[in-house]
Q: 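Quick one: structure below, then a few questions.
Bear in mind the structure is a predicted one, so any value in this text is a computation, not a measurement.
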Amino acid sequence: MDHVTAKDVMERFGLELVAGREGLGRHIATSDISRPGLEVAGFFDHYPASRVQLLGMSEISFFSMLPRLDKMERARRLCSPDTPMIAVCHDMRIPPELIHAAEETQVPLLTSKFTTTKLSSKLTDFLENRLAPMTAVHGVLLDIYGLGVLITGKSGIGKSEVALDLVKRGHRLVADDCVEIRQVAEDTLVGNAPDLLQHLLEIRGLGIIDVRMLFGASAIRNYKRITLIIDLENWDPQRSYDRLGLEEEKQRILDTELTRLTVPVRPGRNMSSIVEVAAMNHRMKAMGMNAAEKFSERLNDMIGKEQDPLA
C-alpha cells in the first residue's frame with residue numbers, strides 16, 4: 001500500500017494551498033471522503049476526522065451564517081489533529097475563522113475550482129487506487145486481445161522472449177520482471193510496472209530494451225486488469241499434462257482467485273502462439289463457448305450410441 005499525503009493530492013489535482021503548509025506531509029489513511037455538513041451545524045459526535053474533508057457551497061454558505069464565536073469553535077473542531085486535509089470547492093471564499101484554525105493546527109486547507117461532486121469522485125478513484133492492498137510478482141504482464149495475461153515461471157524459462165514476440169505481433173507490454181499488483185476492488189486485480197522498469201524489457205544476450213522507443217507508444221500500457229495467469233515450466237516427461245482443457249486450476253493473489261494454466265516448455269514449441277491462443281480461448285470460455293466441454297459431450301454421445309445400437 002502506498003503512502004499518500006496531502007501534498008500528493010494538492011499536486012495531483014492542482015489545488016491551491018490557503019493555510020497549513022507545514023501539514024502537507026500528513027498521511028491520508030482511507031479513501032473515504034467526508035462532507036461535514038452535520039459538523040458545521042454543530043454535531044460532532046461521530047466526526048470522521050481521519051478522512052479528507054470536502055466543503056461545498058452548502059457547507060460554506062451555512063458556516064457564513066453562524067455567529068462569530070460558533071464559527072471559531074466549529075472551525076477548531078473541524079481542524080482536529082487527525083484531519084489530513086480540508087478542501088473547499090467551487091473556488092469559494094474561505095471564512096477567515098477556518099483559515100485561522102487551519103493555520104493554528106497546521107491542517108492543510110486547500111481550495112479547488114472543481115465542483116464538490118466532481119472533486120469527490122476524482123479523489124475517491126485516486127485514493128482507492130493508491131491505497132489498495134498491493135503485492136509484487138515475478139513475471140511479465142501483457143495486454144493480449146484486451147485480456148491482462150500474467151506470464152510466470154522460473155528465471156530463464158523464456159518469459160521475456162515470449163513477451164517480445166507478442167509485442168511484435170501487435171500486443172502490448174505492461175510490465176517485465178516485476179509486476180506490482182493492486183487489489184482495487186472485489187475480485188479485481190490491476191498490474192503495473194514499477195517506475196524504474198516502466199516500458200523496459202530484459203532479453204538475455206541483448207540486455208535491456210525500451211519497448212516504447214523501439215515499437216512506439218501503441219506497444220505499451222501503463223496498467224491492466226489481470227484476467228489470466230500462464231505459468232511456464234520445463235517439460236517434465238513424468239508429469240501428466242491436461243490435454244483436453246477440462247481441468248481448471250486457480251491461483252490466489254491477495255483476495256482474488258484467477259484461472260491459471262500450466263504450459264510446458266520444450267524445444268520446437270511456439271510458446272508465443274500458445275500464449276496468444278490461450279488468451280483467445282479463455283475469452284471464448286468467458287463468453288460461454290467451451291471447446292473442451294463440447295468435445296466431451298460429443299464423445300459421451302458417441303460412446304452412448306455404440307453401447308446402445310438401437311438408440
Q: When you measure from the side chain of Ser120 to the backbone of Thr116, do you find a donor-acceptor pair of N or O atoms at a distance under 3.5 Å?
A: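 Checking the backbone N and O of Thr116 against the side chain of Ser120, no donor-acceptor pair under 3.5 Å is found.
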Q: Count the heavy atoms belonging to other residues, nucleotides or ligands that lie under 6.0 Å from CZ of Arg68, then report whether that count exceeds 12.
A: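 Not more than 12 within 6.0 Å, no.
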Q: Rounded to the nearest 0.5 Å, what separates atom NE2 in His90 from atom OG in Ser112?
A: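 The OG atom of Ser112 is 9.0 Å from NE2 of His90, to the nearest 0.5 Å.
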Q: Checking the side chain of Arg283 only, and the main-chain atoms of Tyr145 only, is there a donor and an acceptor separated by less than 3.5 Å?
A: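 Pair found, side chain donor or acceptor close to backbone of Tyr145.
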Q: What class does the angle between the rings of Phe13 and Phe114 fall in, given that below 30° is parallel, 30 to 60° is tilted and above 60° is perpendicular?
A: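 Phe13 and Phe114: perpendicular rings.
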Q: Decide yes or no for Val211 and Val167: does some side-chain heavy atom of the first lie under 4.5 Å from some side-chain heavy atom of the second?
A: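 Val211 vs Val167: side chains touch.
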Q: I'd like to know whether CZ of Arg169 has more than 12 heavy-atom contacts from other residues, nucleotides or ligands below 6.0 angstrom.
A: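 More than 12 heavy atoms, drawn from other residues, nucleotides or ligands, come within 6.0 Å of this atom.
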Q: Which heavy atom in Leu173 sits nearest to a heavy atom in Leu200, and how many Å separate them?
A: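 Looking at all heavy atoms of both residues, the closest pair is CD2-O, 3.9 Å.
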Q: Is there a side-chain contact between Leu228 and Leu147, using heavy atoms and a 4.5 Å cut-off?
A: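 No - every pair of side-chain heavy atoms lies 4.5 Å or more apart.
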Q: Tell me whether Leu15 shares a hydrophobic cluster with Leu127, the cluster being built from Ile, Leu, Val, Met, Phe, Trp, Tyr side chains joined at under 4.5 Å.
A: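 In one cluster: yes.
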Q: How close do Arg93 and Pro96 get, heavy atom to heavy atom, and via which atoms?
A: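 In terms of heavy atoms, the two residues are closest at NH2-CD, 4.1 Å.
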Q: Closer than 3.5 angstrom, by distance alone: can the side chain of Ser64 be matched with the main-chain N or O of Ile60 as a donor-acceptor pair?
A: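 Looks like yes, one N/O pair under 3.5 Å.
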Q: Run the numbers on Lys159 and Thr152 for side chain to side chain donor-acceptor pair (under 3.5 Å), then give the verdict.
A: CA-CA 7 Å; Lys159 300 182 296 294; Thr152 61; over 6 Å; no
Q: Are Val88 and Met72 connected, step by step, through hydrophobic side chains (Ile, Leu, Val, Met, Phe, Trp, Tyr) whose heavy atoms are closer than 4.5 Å?
A: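 Cluster IDs for Val88 and Met72 differ.
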Q: Verify, without hydrogens or angle tests, whether Arg26 (side chain) and Thr83 (backbone) share a donor-acceptor contact under 3.5 angstrom.
A: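 Between the backbone of Thr83 and the side chain of Arg26 there is a qualifying donor-acceptor contact (under 3.5 Å).
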Q: Evaluate the side-chain proximity of Ile86 to Leu110: yes if any heavy-atom separation is below 4.5 Å, no if none is.
A: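 Result no, sub-4.5 Å side-chain heavy-atom pair not found.
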Q: Hey, are the side chains of Glu39 and Pro48 touching, using non-hydrogen atoms and a 4.5 Å cut-off?
A: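 Side-chain contact under 4.5 Å: yes.
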Q: Taking atom types as modelled, is there a side-chain donor on Asp82 or Ser50 under 3.5 Å from an acceptor on the other?
A: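 No, Ser50 and Asp82 have no side-chain donor paired with an acceptor closer than 3.5 Å.
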Q: I'd like to know if Glu257 pairs up with Lys250 as an ion pair, taking the criterion as any Lys NZ or Arg NE/NH1/NH2 lying under 4.0 Å from an Asp or Glu carboxylate oxygen.
A: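 No.
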Q: Are Val107 and Val40 connected, step by step, through hydrophobic side chains (Ile, Leu, Val, Met, Phe, Trp, Tyr) whose heavy atoms are closer than 4.5 Å?
A: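 Val107 and Val40: one cluster.
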Q: Would you say the side chain of Arg182 lies within less than 4.5 Å of the side chain of Asn129, judging by non-hydrogen atoms?
A: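 Yes; the side chains approach each other to less than 4.5 Å.
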Q: Is the backbone of Met57 close enough, under 3.5 Å, to the side chain of Ser61 for a donor and an acceptor to pair up by distance?
A: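 Here the side-chain-to-backbone pair exists.
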Q: With a 4.5 Å limit on heavy-atom distance, are the side chains of Thr259 and Glu249 in contact?
A: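 Side chain of Thr259 against side chain of Glu249, heavy atoms only: no contact under 4.5 Å found.
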Q: Charged N to carboxylate O below 4.0 Å: is that the case for Arg12 and Asp8?
A: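 No, this pair does not count.
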Q: Parallel, tilted or perpendicular: which fits the ring planes of Phe43 and His46, with parallel below 30° and perpendicular above 60°?
A: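 Correct class here is tilted.
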Q: Less than 4.0 Å between a side-chain N and a carboxylate O, is that true for Asp143 and Arg221?
A: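 Here Arg221 pairs with Asp143 in a salt bridge, since their nearest N and O are under 4.0 Å apart.
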Q: For atom CD of Glu16, is the number of surrounding heavy atoms from other residues, nucleotides or ligands below 6.0 Å larger than 12?
A: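 Counting other residues, nucleotides and ligands, CD of Glu16 stays at 12 neighbours or fewer.
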Q: Within the distance-only criterion (no hydrogens, no angle test), does the side chain of Gln183 pair as donor or acceptor with the backbone N or O of Ala185 below 3.5 angstrom?
A: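 Yes: the side chain of Gln183 pairs with the backbone of Ala185.
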Q: Quick check: does any side chain N or O of Asp176 sit under 3.5 Å from a backbone N or O of Gly139, one acting as donor and the other as acceptor?
A: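 No, because the side chain of Asp176 does not come within donor-acceptor range (under 3.5 Å) of the backbone of Gly139.
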Q: Between the side chain of Arg212 and the main-chain N/O of His199, is any donor-acceptor distance below 3.5 Å?
A: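 Looks like no, no N/O pair under 3.5 Å.
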Q: Indicate yes or no: at least one non-hydrogen side-chain atom of Val263 is less than 4.5 angstrom from one of Val275.
A: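 With C-beta onward as the side chain, the pair stays apart.
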Q: Do Glu233 and Lys154 meet the salt-bridge criterion of a basic N to acidic O distance under 4.0 Å?
A: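 Salt bridge flag = no for Glu233 with Lys154.
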Q: Where the side chain of Glu103 meets the backbone of His100, is there a donor-acceptor pair that is under 3.5 Å apart?
A: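 Not a single qualifying donor-acceptor pair exists.
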Q: Short question: side chain of Arg269, backbone of Pro264 - any donor-acceptor pair under 3.5 Å?
A: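 Side chain of Arg269 to backbone of Pro264, a donor-acceptor pair under 3.5 Å: yes, one is there.
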Q: Take atom OH of Tyr47 as the centre, draw a 6.0 Å sphere, and report whether it contains more than 12 heavy atoms from other residues, nucleotides or ligands.
A: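 More than 12 heavy atoms, drawn from other residues, nucleotides or ligands, come within 6.0 Å of this atom.
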Q: Could you give the distance from CD (Glu161) to CD1 (Ile157), rounded to the nearest 0.5 Å?
A: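 Output value for this atom pair is 10.5 Å.
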